[in-house]
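Letters go in sequence order (proteins before strands), and every chain restarts at 1.
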Amino acid sequence: MGNKKARTAISPTREEDYSGWYQSVVREADMAEMSHVRGCMVIKPWGYGIWENMQRELDRRIKATGHENAYFPLFIPLSYIEKEAAHVEGFAKEMAVVTHHRLVSKDGELKPAGELESPLVVRPTSETIIGASFANWIQSYKDLPVLINQWANVVRWEMRPRVFLRTTEFLWQEGHTVHATHEEAVEETEKMFKVYQDFVEEFLAIPVIPGEKSESERFPGAIQTFTIEAMMQDGKALQSGTSHYLGQNFAKASKIQFAAESGELEYAYTTSWGVSTRLIGALIMSHSDDDGLRVPPRIAPWHIAIVPILRNDEEVNAKIEAYCKEITAELNKSYFAGNQPIMAKYDDRQYKPVNKKWGWIKKGIPIVLEIGPRDVENGSVSVLARDKNAREYENMPRDEFVTGASAILERIQKSYYDAAVARLNEHTHTDIHDYKSLLKLFSKKGMTGFVNAKWCESIECEDKVTSKKLTIRCLPIEQSGTEGHCVVCGAEAKMDAIFAMAY
RNA sequence: CGGGGUGUGGCGCAGCUCGGUAGCGCACCUGCUUUGGGAGCAGGGGGUCGCUGGUUCAAAUCCAGUCACCCCGACCA
């Protein structure tokens with residue numbers, strides 16, 4: 001056969017077709033597939049396992065900050081949605097509406113019947129329906145704050161679905177809180193915003209730029225929207241989590257009032273915040289390579305796959321199997337990153353070893369162990385770490401691996417994060433000061449990246465940029481505080497803004 | 001929602017212009033050989049060609065409609 005070409009497990013490669021690569025990664029890792037329902041996906045066990053791990057850790061952090069879980073209806077009366085003007089306008093175009101409650105058989109076909117007197121919408125978010133409950137729950141300042149979180153599915157009738165990034169139905173968590181004062185609600189908004197940032201950086205190994213959204217990018221009905229923006233491998237930005245200060249807008253719409261100490265009836269201050277299965281998309285586009293997904297150990301459903309290399313010799317095979325099971329059991333008693341249990345899986349499926357190995361690589365499991373007769377002889381293991389070349393085995397004594405596994409997992413976690421930080425830093429341009437240079441930078445094909453530049457805060461300049469497919473992602477929390485000129489119009493400006501193309 | 005493209009076994013594709021009843025690579029199953037870094041040979045299973053209707057003796061192929069996916073745009077807390 002002669003020279004083997006460098007073969008990648010995923011085709012097309014990122015270089016050849018980024019979007020095709022993304023879809024191929026999702027398919028080859030067996031994470032999800034588009035269903036036959038427009039824009040809706042089936043999340044398969046490997047993808048859902050990642051989501052469950054996200055849920056577990058986020059849920060812990062949400063509860064650690066004093067919130068409790070509850071559940072509210074999927075259906076929202078149209079009249080509720082109508083109550084907040086900006087909210088209606090923001091969501092009207094992507095609402096699924098339920099108009100009937102029955103089917104009847106007619107000419108051999110099922111037809112909707114029993115038209116509802118007032119239609120229901122499928123929640124695109126739950127501010128209004130939760131607000132209606134809150135209005136009942138709250139009488140006095142002594143009832144505050146109310147700190148509620150909900151894990152749910154929501155529906156937004158998107159025009160251009162993309163698996164995990166923008167689907168018609170998706171899973172998320174939405175926090176909704178009520179406070180007596182403006183200050184306390186702002187504090188809450190910022191607190192949860194920080195929870196998201198820490199979670200995404202520590203567990204998903206994705207560095208983010210925290211910032212505030214411009215007025216036009218705000219959540220419909222919010223006073224302030226905070227966002228964490230991550231940079232994908234193609235340089236585009238992905239909004240990965242948002243936290244909103246809603247002021248009294250929704251309290252007024254839903255009549256969330258309380259008797260203050262003074263005896264006055266006052267409107268409360270509310271917040272909401274959420275992250276969704278979109279984070280899985282962020283994970284894929286942050287860390288994966290041309291051999292498939294790479295899952296940071298802290299979020300991986302399994303950390304170590306143990307693949308036996310069996311021979312046509314039952315006696316030898318029995319030894320290999322026993323050896324593998326011992327190692328699996330030892331690993332499963334171990335921890336990494338402090339107290340996170342190591343999840344090791346003995347892969348005794350009947351597939352060929354080499355196919356099992358590549359299957360795991362494409363799924364992005366952090367470590368694949370291959371164990372054959374020679375390893376049993378020598379008391380060793382062959383280690384494939386996903387942060388290294390998929391063809392480089394490292395042979396090491398069994399005990400060294402078992403005791404060192406946690407360190408390897410931690411190294412992998414760190415290496416993914418470091419690589420993502422390096423990319424973010426390298427491709428965040430701070431030397432763009434005029435409109436011409438800005439457009440020139442983003443007219444390039446391929447890696448575009450972020451521009452951190454001055455903005456005069458005028459909607460005109462923002463619109464001008466938006467018409468060029470660029471967006472102002474956020475006004476970073478970390479401001480230089482220096483004076484300068486708006487990168488668009490050249491006027492005096494103090495505010496730093498992140499400009500980028502976005503998903 | 002506008003423009004473009006595509007739907008053929010699990011995946012990737014050919015066949016369609018010029019209608020004659022489906023093929024290739026990978027994967028899968030069996031056997032033999034091989035045996036720790038995507039093995040070889042031989043045999044085999046699996047698709048009513050997205051769906052509906054029309055034209056025709058005959059439709060994957062032509063026509064109409066419809067659904068879905070992909071790309072570009074608009075839209076997107």
Quick note, A:Val354 side chain, CB onward, closest among B:C71, B:G38, B:C76 is B:G38
Between the side chains of A:Asp313 and A:Lys319, is the shortest nitrogen-to-carboxylate-oxygen separation below 4.0 Å, so that they form an ion pair? no
Considering every strand and a 4.0 Å limit on heavy-atom distances, what is the contact class for A:Arg374: base, sugar-phosphate, or nothing? base
Starting at atom CG of A:Leu384, determine the distance to atom P of B:G36, rounded to an integer number of angstrom. 16 Å
With P as the reference atom in both, quote the distance from B:C26 to B:G40 in angstrom, rounded to an integer. 8 Å
Would you indicate what A:Lys213 reaches in the nucleic acid, counting non-hydrogen atoms under 4.0 angstrom: base, sugar-phosphate, or nothing? nothing
For a 4.5 angstrom cut-off between non-hydrogen side-chain atoms, does A:Arg311 reach A:Asn317? yes
Using the C1' atom as the reference point in each nucleotide, state the distance between B:A59 and B:G5 in Å, no decimals. 23 Å
Gap between atoms CG and P, on A:Leu470 and B:G73 respectively (whole Å): 12 Å
So what does A:Ser382 hit on the nucleic acid, given a heavy-atom distance under 4.0 Å: a base, only sugar-phosphate, or nothing? base
Where the side chain of A:Lys362 is concerned, which of B:G38, B:U35, B:C75 is the nearest nucleotide? B:G38
Can you tell me how far P in B:C70 sits from the matching atom in B:U61, rounded to whole Å? 25 Å
Same-atom distance (C1') from B:C24 to B:G46, integer angstrom: 15 Å
Output yes when A:Asp289 and A:Arg386 qualify as a salt bridge under the 4.0 Å nitrogen-oxygen rule, no when they do not. yes
For B:C41, the nucleotide meeting Watson-Crick or G-U wobble distances (both under 3.5 Å) is B:G31
Separation of the P atoms in B:G15 and B:G7, to the nearest angstrom: 10 Å
Measure the distance from CE on A:Met501 to P on B:A74 and round it to the nearest whole Å. 12 Å
Rounded to whole angstroms, how far apart are CG on A:Leu369 and C1' on B:G36? 14 Å
Heavy-atom nearest nucleotide on RNA chain B for A:Val163 versus A:Glu217: which residue maps closer to 5'? A:Val163
Looking only at B:C76, B:G38, B:C69, the nucleotide nearest the A:Arg7 side chain is B:G38
Now, which nucleotide makes the Watson-Crick or G-U wobble pair with B:C24, with each of the two distances under 3.5 Å? B:G12
Whole-Å gap separating C1' (B:U34) and CG (A:Leu310): 16 Å
Which nucleotide in the list B:C71, B:G73, B:G38 gets nearest to the side chain of A:Ser19? B:C71
Taken to the nearest whole Å, OH/A:Tyr503 to C1'/B:C71 is 13 Å
Hey, does A:Ala390 reach any base, or is it just sugar-phosphate, or nothing, if we go heavy atoms under 4.0 Å? nothing
Between B:G36, B:U35, B:G73, which nucleotide gets closest to the side-chain atoms of A:Asn312? B:U35
Considering Watson-Crick and G-U wobble pairs with both distances under 3.5 Å, what does B:C1 pair with? B:G73
What's the CZ-C1' distance between A:Arg160 and B:C1, to the nearest Å? 13 Å
Considering only NZ, NE, NH1 and NH2 on the basic side and carboxylate oxygens on the acidic side, decide whether A:Asp387 and A:Arg294 come within less than 4.0 Å. no
Check this for me, if you would: do A:Glu229 and A:Lys213 make a salt bridge, where the nitrogen-to-carboxylate-oxygen distance has to be below 4.0 angstrom? yes
Where the side chain of A:Glu28 is defined as all heavy atoms beyond and including C-beta, which of B:A39, B:C11, B:G36 is the nearest nucleotide? B:C11
